[in-house]
Amino acid sequence: MKAHIRPENEVFLLYKLSEDSEKGKKLREVLSQMNIESVSITDDMLLESVGFCAKMDGFTSCGNIYDGESLPYEMMVMKIASRNRLNEVLTRLQKEGLRVERKAVITPTNRGWPFCQLYEEVCKEHELMTRGS
């Protein structure tokens, strides 16, 4: 008999994709159907580490509340089991007409960053990739 290793929980962090919006509601429904937890990132959480927001072991709250202006773009940050699973999720979202331009995968490097730092890095990359298109 093969041993089954329980996979880590898959979690998507959703910024500016509130449960009150049509897009946010539909996105959560699709993720739920795929057994992926969604976490709403609010402006007051922007100083928290990505790992804390994703409920990863070993991460605790920084204890600081962001009190600056709301950031302008929606973003989706993914804690996902594998590249194949990532492709499966992205394909499903595309079929459902759900497009989020700024997205990132949680990595060993960025999981300790404040959410706002990851947001800034993703926005810089997005600008570089779309410049001249």
Side-chain angles (χ1 to χ4, degrees):
M1 187 160 106
K2 287 187 177 179
H4 290 281
I5 299 171
R6 186 171 176 262
E8 269 191 71
N9 290 342
E10 294 177 315
V11 178
F12 277 37
L13 308 177
L14 306 176
Y15 179 69
K16 287 213 162 209
L17 292 157
S18 79
E19 297 173 46
D20 298 336
S21 72
E22 185 71 30
K23 185 177 189 178
K25 184 179 178 183
K26 188 173 179 183
L27 181 57
R28 281 171 180 74
E29 285 174 11
V30 172
L31 294 175
S32 177
Q33 291 166 4
M34 298 184 81
N35 296 315
I36 298 172
E37 181 180 359
S38 59
V39 175
S40 296
I41 302 301
T42 58
D43 287 336
D44 62 347
M45 296 171 68
L46 293 174
L47 296 177
E48 296 290 358
S49 71
V50 172
F52 174 76
C53 293
K55 304 176 183 178
M56 295 173 73
D57 290 339
F59 290 90
T60 57
S61 174
C62 70
N64 297 321
I65 295 175
Y66 177 84
D67 63 359
E69 290 188 28
S70 183
L71 304 175
Y73 304 108
E74 62 190 24
M75 189 164 94
M76 180 169 68
V77 180
M78 303 164 278
K79 180 175 171 259
I80 197 84
S82 67
R83 181 174 294 277
N84 286 342
R85 178 71 165 157
L86 174 63
N87 290 336
E88 176 188 346
V89 173
L90 294 177
T91 298
R92 173 79 185 274
L93 294 178
Q94 185 178 27
K95 283 181 183 174
E96 297 288 339
L98 292 166
R99 181 183 167 124
V100 178
E101 288 193 18
R102 285 159 184 81
K103 43 189 167 297
V105 173
I106 297 175
T107 67
T109 300
N110 68 26
R111 65 186 177 190
W113 295 358
F115 189 91
C116 61
Q117 181 181 349
L118 178 57
Y119 177 94
E120 289 170 13
E121 290 297 319
V122 169
C123 285
K124 285 179 197 172
E125 288 177 16
H126 180 79
E127 186 179 317
L128 287 173
M129 291 184 343
T130 58
R131 190 179 291 162
S133 334

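Count residues from 1 along the sequence.
Every residue two or more places apart in sequence or in another chain that forms a ring-ring contact (aromatic ring centres under 6.0 Å, His included) with Tyr15 is listed here: Tyr119. For the side-chain hydrogen bond (donor to acceptor under 3.5 Å, both in side chains) test, no residue two or more places apart in sequence or in another chain qualifies with Glu22. With sequence neighbours excluded, the residues forming a side-chain hydrogen bond (donor to acceptor under 3.5 Å, both in side chains) with Glu88 are Arg85, listed by chain and number. Every residue two or more places apart in sequence or in another chain was checked for a salt bridge (charged side-chain N to carboxylate O under 4.0 Å, His left out) with Lys26, and none qualifies. For Thr91, there are no side-chain hydrogen bond (donor to acceptor under 3.5 Å, both in side chains) partners at least two apart in sequence or on another chain.
Side-chain contact between Val30 and Arg92: present, with at least one pair of heavy atoms (C-beta onward) separated by less than 4.5 Å. Taking the side chain as every heavy atom from C-beta outward, Met34 and Glu10 never approach each other to under 4.5 Å. Using a 4.5 Å cut-off on side-chain heavy atoms (C-beta onward), Met78 and Leu86 make contact. Taking the side chain as every heavy atom from C-beta outward, Glu29 and Glu96 never approach each other to under 4.5 Å.
Taking CZ of Arg28 as the start and CD1 of Ile36 as the end, the distance is 13.0 Å to the nearest 0.5 Å. For the atom pair Leu71 CG and Cys123 SG, the distance stands at 7.5 Å (nearest 0.5 Å). Between the NZ atom of Lys25 and the OG atom of Ser18 there is a distance of 11.5 Å, given to the nearest 0.5 Å. To the nearest 0.5 Å, atom CG of residue Leu14 and atom SG of residue Cys53 are 11.5 Å apart. Taking CE of Met75 as the reference point, atom CG of Leu17 lies at 10.5 Å (rounded to 0.5 Å). Distance SG/Cys116 to CD/Glu121: 11.0 Å, rounded to 0.5 Å.
The minimum heavy-atom distance linking Gly24 with Ser21 is given by the pair N-OG, 2.9 Å. What you find for Glu48 and Gly63 is that their closest heavy atoms are OE2-N, 4.1 Å. Closest approach of Glu19 and Ser40 over heavy atoms only: OE2-OG, 3.6 Å. When all heavy atoms of Gly112 and Ser49 are compared, the closest pair comes out as O-CB, 3.9 Å. Leu47 and Pro114 make their closest contact through O-CB, 3.7 Å (heavy atoms, listed as atom of the first residue, atom of the second, distance). Residues Ile80 and Phe12 share a closest heavy-atom pair of CD1-CE1, 3.7 Å.
Note: the hydrophobic cluster containing Leu46 does not contain Met76 (ILVMFWY, side chain heavy atoms under 4.5 Å, direct or indirect links). In terms of hydrophobic clustering, with Ile, Leu, Val, Met, Phe, Trp and Tyr side chains grouped at heavy-atom distances under 4.5 Å, Phe52 and Ile41 are assigned to a common cluster. Leu13 is not connected to Leu93 by any chain of hydrophobic side-chain contacts under 4.5 Å among Ile, Leu, Val, Met, Phe, Trp and Tyr, and they are in different clusters. Val11 and Leu90 are assigned to two separate hydrophobic clusters, defined by single-linkage of ILVMFWY side chains at heavy-atom distances under 4.5 Å. Note: the hydrophobic cluster containing Tyr73 also contains Val122 (ILVMFWY, side chain heavy atoms under 4.5 Å, direct or indirect links).
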Which pairs would a plain distance check flag for residues 97-106, meaning a side-chain donor or acceptor within less than 3.5 Å of a matching protein atom at least two apart in sequence or in another chain?
unit_1, atom_1, unit_2, atom_2, d
Glu101, OE1, His126, NE2, 3.2
Lys103, NZ, Val100, O, 2.6

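We find that Arg131 and Glu127 are joined by a salt bridge, their nearest charged nitrogen and carboxylate oxygen being less than 4.0 Å apart.
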**Message:** Go through it in stages, so that I can follow the logic: the residues are Thr42 and Asp44, the test is side-chain hydrogen bond (donor to acceptor under 3.5 Å, both in side chains), and I'd like the CA-CA distance, side-chain angles, deciding distance and then a yes or no.
**Reply:** CA-CA 5 Å; Thr42 58; Asp44 62 347; 2.3 Å; yes
**Item:** Intermediate values then yes/no, side chain to side chain contact (heavy atoms under 4.5 Å, CB included), Val39 and Lys55
**Value:** CA-CA 9 Å; Val39 175; Lys55 304 176 183 178; 4.1 Å; yes
